[in-house]
Amino acid sequence: MIDLAGLNPQQREAVTTTEGPVLILAGAGTGKTRVITHRIAWLIAKGVPPGHILAVTFTNKAAREMLERVNQMVPRRRRRAGQAAPERPTICTFHSLCVRILRRHIHRLGYKPNFVIYDESEQLGVIKRLLSRLANPKDRPDPGAVLASLSRLRNAAGSRAAAEPDPLALRLLEEYRRALRACNAVDFDDLILLTLELFEKHPDALEECRRRHRYVMVDEYQDTNAAQFRLVHALTAEHRNLCVVGDDDQSIYGWRGAEIANLLDLEKYYPGLKVIKLEQNYRSTNRILKAANALIRNNPRRRPKNLWSAHGEGEPILLHVFDDEAQEAQAVVEHIETNRRIRRIPWSEQAVLFRTNIQSRPLEAALRKARVRYHLVGGQSFFDRREIRDLLAYLKLLLNPDDDISLLRIANVPARGLSDRTMERLLAASQERGQSVYQTMRSPVVQTEFPRRTGGAITRFVDLVERTRAELEALRAEPGGRKLSDWVLGFLQRIGYLEDLRRLEKDPEVAENRHRALVETIRSMDPLEREPAEPAPARLQRFLEEVSLDSDRDEDDRPRDAVTLITIHSCKGLEFGHVWIVGLEEGLLPHTRSKMEGSLDEERRLFYVAITRARKTLHLSWCRARRKYGQLQASHPSCFLKELPEDLVEPAEKQPPRLVEAGNAKALLAAFRQELNLPEET
DNA sequence: AGCACATCACTTTTT
DNA sequence: GTGATGTGCT
Ligand SMILES: Nc1ncnc2c1ncn2[C@@H]1O[C@H](COP(=O)(O)OP(=O)(O)OP(=O)(O)O)[C@@H](O)[C@H]1O
C-alpha cells in the first residue's frame, strides 16, 4: 500500500475518499497538490487501472512533474514478456486532453484529422483579415481587443455568466469560426469547445471518454473557465468520482474567463459534495504567511482561512528601494551570489518574480554579466522570433496545405515572385470559390488569370509544396533512417531560406544567433534515444502540438543549478527557498491596465501568490524611476506595500550587501577553496 | 517585384 | 528601446 505518513489527517481523508465528489478548498502551501499526487498513487495501489485515472493540471510542466512524482511513488509493475506496457494515468492539461480526444474524433465534426492549432498571432491574422473585409478602415477596432471579446463570448456561452448578445460580435464570431474551419485549424478555445460539441452530437464519444476516465482530479481548479467546467461535468456527471483542489485567493486568470464560481458553487452541481479544508501551511515561515494573510484580507468576498505554519517566525521580509531597474537587477544578482557563496544556497533555490515579461531583460543582463546561470520560465518571446514563426508556418503548411494563414506568411519567404498584390488576389479568388488559398493556387483556371511570370511562380510554389509533402510521406518508409531534423534543414537549405536569413540580417552576430536558434529548434524535433520510433509525419505533428501547447518544453535538458526568472502568473504552484519580487510599483503591480479594468482584487491576489511562493526568505523591491521606451520615468511604490504590516517588513540597508566584507572574508575564502576543489561548469 | 530606410505606436498576465 | 507599417528608389 501507499505510505500516507507524509500527510495530515485532513489530507489523508481527501486521499482515501475515492468515490464521490470531493472539494479541497485551502490556502497556499497547504499541500493540495500533494493530495492529488498521493490520491493517484492510492487509487493505483487500490487496484484501479491507471488508465482510468485522469488528473488535469494547469500547465504541462506541472503535469510532467506530477507524473514523475506518481511514478516514484508507485512501484512499476513488472512487465511480463509479450504483455503490453502497463497503462499510465492520464496527467495533462485540459488542452492536451482535448487534442487527444479530437485527433481521434474530429472528423465527425467536419474537420480533417490533420488539423493544426493556431496560436495568438495566427488568430490575430484571421481577425485582421476579417476586419479589413467587414469594417471600413476608418474606425478599425483593435484586433487584440476583438479577439479577447470573442473568446469571452464563446467561453461564457451556456454558463451562468449570461452572454450579452451583441449582434456584431456574433456575426464576427461566425465569420471567424468559418475562417478557421476553412483552414482546418482550431484555436485554444476550440480545443475545449469542439470537444464539448463532439460530446453533444456524438454521445458514443462521450460514453467512451466517461468509461475511460472514471476517476477525475483537477488541480488549480479556481482557474478553470465555464467551458472547462462543462467538460469536467460531462465526464463525471454519471460516476461523480471527481476531486478538485483550489484556492479562491489564488484565482489570477479572470482575464481569461476563469470563474471562481466553479469552485465556490460546485455543490450545486454535485450535491453531497464533501468539502475538505486544510489549514496548516508546510511551505513558508510565519512572517511570510502573516504578510500574505494581511494583504489578502483586503479582498472582499473571499472565504476566510486560518493559515498557520510550524516553521517559526523566520527572517524578516526585506524591502529595497532602487533608483532604476538596472540598479535593482544588479543588487538582486549580487544578493543571489552572496547567498550562494556565503550561505551555500544554490541558484536553484532562488527565484526572481515579476509582473510583466519585459522586466526579465535587465535581470538577464545583470545575471549574464555576473556569469550566473538562470532559466527564464514562460514568456512567448522565443516563439515570437521571426525565423521560428516562419519554420512553424512551413511545417504547418506541409501537414495541412489548407492553412491559409501559414501559407500567406511564407508564400514569399524567401522571395519567389509571389508579391503581396498577387497573394491578395489569390485570397479574394479563394473566397469566391469557397476554397483554401492553396487549392485556388492549384487551379489552372486561376493560374491563367495572372501574367505569365506570376503564373509560373504560382505553379512552382504548388510544385514545391506537393514535392515536399511527397518527400515527407516517403520518409515514413524509412523510420530509423534519416533524421527528421536533417530533412527539415535540407529543405530550408534548398529553398534558400537559410541563406536569406543570413543575408537579410546585416549584423553577422545577430544572424548567427538567429541561425543557431533555428537549428536548435529543428534539432529538438528528433526523438530522444529511448523514445520509440515514429513515422515522420506523426512525429512532425506531435512536434507542432508540443510547441503550440507547451511553451516551456525545451528547458527540460538535464537539470542544472540555475536561478529562476519567472512571471507571477507562471509561478503559481511552485515554491522556492528564497524569493525576490521586483518592480513593486504603481502601474506595474497593480498594473495600470488592470486598474482601468477594475480588477484590483486580482492584482492583489497576484501579489499574494508571489509572496506565498517563498519558503524561507522574501525580498521586495521597487524603483524610483524606470525606463519606458528608453525614457526614464518616475514611479511610485505599489499601494499593496502599505497593506503589509510594518513589523513584518524591514527597510533593507542602504547599500546592497558587499560580497567581500570584514566579517565574511573568511567564509568567502573557504567557499572559493571549495569551489576550486569541486569545479562547476558555468 | 523587391528592397532599404523612415516613421509610427506601443506599454499585462497564458493554455 | 522595439517591432510593425508605409514610402520611395532600383
Ligand atoms: N503533510 C505534509 N507534511 C509535510 N510537508 C507537506 C505536507 N503537505 C504538503 N507538504 C509540503 O508543503 C509544500 C506545499 O505543498 P503543495 O504544493 O502540495 O501545496 P499547495 O496547496 O498545492 O500549494 P499552492 O496552492 O501554493 O500551490 C510542498 O513542499 C509539500 O511537499
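Values below: all heavy atoms of this structure, side chains included; hydrogens, waters and symmetry mates excluded. Just so it is clear, the structure is predicted and the values come from calculations on it, not from any experiment.
Contacts of A/Asp420 with the nucleic acid, taken as non-hydrogen atoms under 4.0 Å apart, are absent. Within the nucleic acid shown, A/Ser570 comes within 4.0 Å of sugar-phosphate atoms alone, with no base atom in reach, counting heavy atoms only. At the heavy-atom level, A/Thr454 lies under 4.0 Å from the strands shown only through sugar-phosphate atoms.
Distance A/Arg421 CZ to B/dG2 P: 14 Å, rounded to the nearest Å. Between A/Asp187 atom CG and B/dT14 atom P there is a gap of 18 Å when expressed in whole angstrom units. Distance, A/Leu147 CG to B/dT13 P: 16 Å, rounded to whole Å. Atom pair A/Asp223:CG and B/dT13:P shows a separation of 16 Å (rounding to whole Å applied). We find that CZ of A/Arg416 is positioned 12 Å from P of B/dC3, with the value rounded to whole Å.
The listed nucleotides are B/dA1, B/dG2, B/dT14; the one nearest the side chain of A/Arg256 is B/dT14. Of the candidates B/dT15, B/dC3, B/dA1, B/dA1 carries the atom nearest the A/Arg453 side chain, counting heavy atoms from C-beta on. With B/dT14, B/dT12, B/dG2 as the candidates, the nucleotide lying closest to the side chain of A/Ala415 is B/dG2. Residue A/Thr567 places its side chain closer to B/dT14 than to any other of B/dT14, B/dG2, B/dT15. Checking B/dG2, B/dA1, B/dT13 against the side-chain heavy atoms of A/Asn412 singles out B/dG2 as nearest.
Distance alone, capped at 3.5 Å, places no donor-acceptor pair between the A/Gln250 side chain and the A/Asp247 backbone.
Taking the centre of each ring, A/Tyr253 and A/Phe58 come in below the 6.0 Å mark.
Classification of A/Lys32 and A/Asp219 as a salt-bridged pair fails, no side-chain N sitting under 4.0 Å from a carboxylate O. Salt-bridge formation is detected for the pair A/Arg103/A/Glu545: a Lys NZ or Arg NE/NH1/NH2 atom is positioned less than 4.0 Å from an Asp or Glu carboxylate oxygen. Using a 4.0 Å cut-off between charged side-chain N and carboxylate O, A/Glu325 and A/Arg361 make no salt bridge. In this structure, A/Arg421 does not pair ionically with A/Glu424, as no charged nitrogen and carboxylate oxygen lie closer than 4.0 Å.
Residue A/Asp500 is the one, among A/Asp500 and A/Arg593, whose nearest nucleotide of DNA chain B lies closer to the 5' end (criterion: closest heavy atom).
Contact check of residues 594-610 of chain A against DNA chain B (heavy atom, cut-off under 4.0 Å) returns A/Glu597. Scanning residues 93-103 of chain A for heavy-atom distances under 4.0 Å to DNA chain B yields A/Thr93, A/His95.
Distance CZ/A/Arg302 to CG/A/Asp249: 4.0 Å, rounded to 0.5 Å. A/Leu97 CG to A/Cys209 SG: the interatomic distance, rounded to the nearest 0.5 Å, is 7.5 Å.
Contact check, A/Asn225 against B/dT15: no side-chain N or O comes under 4.0 Å of OP1 or OP2. Between B/dT12 and A/Asn357, no contact under 4.0 Å exists linking OP1 or OP2 to a side-chain N or O. Taking side-chain N and O atoms only, A/Ser419 has a distance below 4.0 Å to OP1 or OP2 of B/dA1.
Between the side chain of A/His569 and the base of B/dT13, a donor-acceptor pair under 3.5 Å is found.
Using modelled atom types, one finds no donor on one side chain facing an acceptor on the other under 3.5 Å when comparing A/Thr521 with A/Ser524. A/Asp403 and A/Tyr438 share no donor-acceptor pair across their side chains, judged by distance under 3.5 Å alone.
Residue side chain A/Trp255 meets the stacking definition with respect to B/dT13: its ring centre sits within less than 5.5 angstrom of the base's six-membered ring centre, and the planes differ by less than 30 degrees.
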Write down the protein N/O and nucleotide N/O pairs, taken from nucleotides 1-5 of chain C, whose separation is under 3.5 Å; answer none if there are no such pairs.
from: C/dG1; atom 1: N7; to: A/Tyr629; atom 2: O; distance (Å): 3.0

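Applying the side-chain hydrogen bond (donor to acceptor under 3.5 Å, both in side chains) test between A/Arg626 and each of A/Glu585, A/Gln633, A/Gln631 identifies A/Glu585 as the sole match.
Here the side chains of A/Arg256 and A/Arg152 are not in contact, with every heavy-atom distance at 4.5 Å or above.
Under the 6.0 Å distance and 45° angle rule, A/Arg624 does not count as a cation-pi partner of A/Phe322.
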